[in-house]
Amino acid sequence: MSYVNEVLARLQKKFPHQPEFLQAVTEVFESLEPLFKKEKKYQKYNILSRIVIPERQVNFRVTWINDKGEIQVNQGYRIQYNSAIGPYKGGLRFHPSVSEGTIKFLGFEQIFKNSLTGLAMGGGKGGSDFDPKGKTETEIMHFCQAFMTELSRHIGARTDVPAGDIGVGGREIGYLFGQYKKLQNSFDGVLTGKALGWGGSLVRPEATGYGNVYFAEEMLKEKKESLEGKICLVSGSGNVAIYTVEKLQQLGAKPVTVSDSRGYIYDSEGIDLVLLKDIKEVRRESLVEYAKERKNAKYTPVSEYPNDHNPLWNTPCFAAFPSATQNEINLKDAENLLKNGCKCVSEGANMPSSLDAAHKFLNAKICYGPAKAANAGGVATSGLEMSQNAAMISWTFEEVDKKLHGIMKHIYAISKETAKEFGEADNLVLGSNIAGFRKVADAMIEQGI
Ligand code: GLU
């Protein structure tokens, strides 16, 4: 058995209850086989067995009181996966589905994503099974304060810098930061995604969505194609989806779908971004409202989805930007996208395609931008926020956007170059995994056992 398969088999035996983690590891390991054949040092230093084990992992209790005066308890997590190339960096996810395995898969992905940005950031991730849905403003604040009371002892501007992810946006980052500052009596750049008035960076809210579209443009340029005038599918309606829609519209493309946990919208005229932002960012309501206010839009509730596929991905399109959550595209969805003529899939969410769906895209030789390359613009701009905090300066919107665009071009270029180096020019999964891995693994070797 090869070294790669041996380590994988051991993990499968040890963590059978963490399927998302095993999926993320399998995807990376499959890509690394050719590197391990070429370079013997990674096996000699047993890098794979080392890199899959987090440097540190904390699970903690979060106790808080709801508006009715009842005592609530949630599970909190922070995983400090790898600090070979910089302080731990990665978001916090608040969602009822969050488990240790979820945080582990996200943290593992984050190591290579952060490496690809070219910035000095290690990999980390955290979160809670807290469900923000239906909670009042005070309940959200009380939960964030209780969560940070525990988390604060583990993080720091030079140690570990959390940010947002699903369920954690600007509002939550504010409450988390306020509590950290109260506990430490120190105004540090310990979180990113902060508001502009107290250390935030311009373009951070837009960065993941904009970056994903920049990445798709790079993939398409190679094939002498562009997004202009093209029908696009976007899933999700959070921060990533909203700014994907915005950038697509700026480039003259026509995004026609968005979704949330209750259903999806198909708007043949193209998504009304002003209405979408008002519903999701201001009113914090469901997409049912969108359909009520825009008559040509068709709303399909989740209860009407077929069992084996998501009808959103069965809509004819030129390009698809999955921006909701992991495994939102299964094999059947991938087949539907290809059958309907989709030429480009660029991943805004983390691991939105199942392993067999990803293989389908690769075999079809369409432009396929895997998450850790395509959605790295978010964390890259967090890195730019850290730089601005450290220097106590703020760059203009144009400056940050230009740097973000440059970073996305760089990620595309090294992923493509690396894919070519290993004889699979069209395989950006392989290219980005090897490029991201190599930098971290070399740093681990250089820093000793
Ligand atoms: N949660 C985002 C991601 O998956 C952003 C992380 C960050 O900015 O630290 O990359």
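Read the numbers this way: they start at 1 and go in the same order the structure lists the ligands and their atoms. Keep in mind it's a predicted model, so treat the numbers as computed, not measured.
No donor-acceptor distance shorter than 3.5 angstrom exists from the side chain of E281 to the backbone of D278, with no hydrogens or angles considered. Side chain of D165 to main chain of G91: no donor-acceptor pair is present (N/O by atom type, distance under 3.5 Å, no hydrogens or angles).
How far OG1 of T381 is from CG of L404: 4.0 Å, rounded to the nearest 0.5 Å.
For the pair K280 and Y290, the NZ or CZ position fails the cation-pi test of under 6.0 Å to the six-membered ring centre and within 45 degrees of the ring normal.
With N59 as reference, E100 is the one residue of Q75, R78, E100 to meet the side-chain hydrogen bond (donor to acceptor under 3.5 Å, both in side chains) rule.
For S261, the side chain to side chain contact (heavy atoms under 4.5 Å, CB included) test picks out K133, with sequence neighbours left out.
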N/O pairs closer than 3.5 Å, ligand 1 and protein:
{"unit_1": "ligand 1", "atom_1": "1 (N)", "unit_2": "K125", "atom_2": "NZ", "d": "3.4"}
{"unit_1": "ligand 1", "atom_1": "1 (N)", "unit_2": "G164", "atom_2": "O", "d": "2.9"}
{"unit_1": "ligand 1", "atom_1": "1 (N)", "unit_2": "D165", "atom_2": "OD1", "d": "2.8"}
{"unit_1": "ligand 1", "atom_1": "4 (O)", "unit_2": "K113", "atom_2": "NZ", "d": "3.0"}
{"unit_1": "ligand 1", "atom_1": "4 (O)", "unit_2": "K125", "atom_2": "NZ", "d": "3.1"}
{"unit_1": "ligand 1", "atom_1": "4 (O)", "unit_2": "N350", "atom_2": "ND2", "d": "3.1"}
{"unit_1": "ligand 1", "atom_1": "8 (O)", "unit_2": "R204", "atom_2": "NH2", "d": "2.9"}
{"unit_1": "ligand 1", "atom_1": "8 (O)", "unit_2": "S382", "atom_2": "OG", "d": "2.5"}
{"unit_1": "ligand 1", "atom_1": "9 (O)", "unit_2": "K89", "atom_2": "NZ", "d": "2.7"}
{"unit_1": "ligand 1", "atom_1": "10 (O)", "unit_2": "Q110", "atom_2": "NE2", "d": "3.1"}
{"unit_1": "ligand 1", "atom_1": "10 (O)", "unit_2": "K113", "atom_2": "NZ", "d": "2.8"}

